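Treat the numbers as computed from the prediction; the structure is a model and nothing was measured. Worth knowing before you read on, the calculation uses all heavy atoms, side chains too, and leaves out hydrogens, waters and symmetry mates. Note on naming: letters A, B, ... go to the chains in the order of the sequence lines (proteins, then strands), and numbering restarts at 1 for each one.
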Amino acid sequence: MPERLEEAALRMVVYLQAQRVELFRRDRGRLPDALEETGEPLPGVRYERLDSRTFRLHAVGRRDTLLYTSSTPLRAFAEGVDRVLGASD
Amino acid sequence: LTSRGPGISRAGFTLVEALLVLVTLSIVVRIAVPNLQWLLRRARATEILGEVSRVETAAAQYMAERFRWPPDAPAGEIPPGLGSFLGEGYTFEHEGYTLDWESWELPDGLPSDPDVRALVAVTVVPATPSLEDALRGLVSGSPGWFVVGDSYTFVVEPAR
């Protein structure tokens with residue numbers, strides 16, 4: 001698998017997982033204590049609640065490791081993920 | 001082996017000939033067995049893609065009948081209601097791999113398409129790295145799938 005696609009796949013997974021966490025926050029008014037609270041976690045993703053409003057996701061691939069902190073706009077972080085879905089290029 | 005005694009003459013192999021045959025056979029086996037294993041793994045990977053297709057078709061039938069996609073389910077479990085479209089006795093637990101139906105809600109949509117509200121997909125979790133490689137070889141270059149860790153996720157459709 002090309003490196004850029006692998007990275008895009010990791011971003012995709014973080015993007016999906018981050019939206020699950022955001023959905024949980026909207027429903028319950030708080031961040032989950034553990035990723036399992038949001039449903040079955042995606043493989044290779046670790047979650048850390050930094051404070052009552054901020055969380056961090058850590059995704060580990062074969063070559064890359066990605067870190068996302070929720071203070072970063074998710075859309076900017078996920079730019080290019082559509083490539084793995086075949087929606088662009 | 002050749003046996004030559006007084007008045008007896010029997011056709012056979014010399015020790016060198018027998019050894020040559022054994023060495024040749026071992027070379028043939030060393031070449032043929034890995035190729036055969038690769039062919040078997042590739043056949044298995046093709047079978048897996050067939051199962052993914054089967055689940056996708058069943059999910060599309062579910063969608064056509066109920067106007068929504070099947071709900072998310074843990075790996076190895078058929079989502080409620082999807083079983084009737086897959087046939088009696090169908091399982092997501094197969095020898096060497098597990099299927100997982102995924103349904104992700106996307107309140108913020110996709111980066112390039114904010115109107116997408118959900119993403120549905122079938123994830124394959126192969127039990128062995130060799131099967132992973134065969135699967136990767138088959139789908140490489142095709143759109144609509146991504147791999148993370150040892151899981152292969154095939155996107156069925158971004159839903160609006």
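Minimum interatomic distance between B/Asp108 and A/Arg75 (heavy atoms only, all atoms of both residues): O-NH2, 2.5 Å.
Checking B/Val155, B/Thr153, B/Leu110 one by one against A/Met12, the side-chain contact (heavy atoms from CB on, under 4.5 Å) holds for a single residue, B/Leu110.
In the hydrophobic cluster analysis, where Ile, Leu, Val, Met, Phe, Trp and Tyr join through side-chain heavy atoms closer than 4.5 angstrom, B/Trp101 is grouped together with B/Leu49. Put simply, B/Val125 and B/Val120 are part of two different groups of oily side chains (I, L, V, M, F, W, Y) that touch within less than 4.5 Å, one to the next. Under a hydrophobic-cluster definition in which Ile, Leu, Val, Met, Phe, Trp and Tyr are linked whenever side-chain heavy atoms come within less than 4.5 Å, directly or via other members, B/Met63 and B/Val156 are assigned to the same cluster. Linking Ile, Leu, Val, Met, Phe, Trp and Tyr whenever their side-chain heavy atoms come within less than 4.5 Å leaves A/Val13 and A/Val60 in two separate clusters. A continuous path of Ile, Leu, Val, Met, Phe, Trp and Tyr side chains, each step under 4.5 Å between heavy atoms, connects B/Tyr62 with B/Tyr90, placing both in one hydrophobic cluster.
Contact residues of residues 15-31 of chain A toward chain B are A/Tyr15, A/Leu16, A/Gln19, A/Arg20, A/Leu23, A/Arg26 (heavy-atom distance under 4.5 Å).
Proximity to chain A (any heavy atom under 4.5 Å) is shown, for B/Ala121, by neither the backbone nor the side chain.
Residue-environment remark: CD (B/Glu51) exceeds the threshold of 12 foreign heavy atoms within 6.0 Å.
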Donor-acceptor list for residues 21-29 of chain B side chains, cut-off 3.5 Å, not counting sequence neighbours:
from    : atom 1 : to      : atom 2 : distance (Å)
B/Thr24 : OG1    : B/Leu20 : O      : 2.7
B/Ser26 : OG     : B/Val23 : O      : 2.9

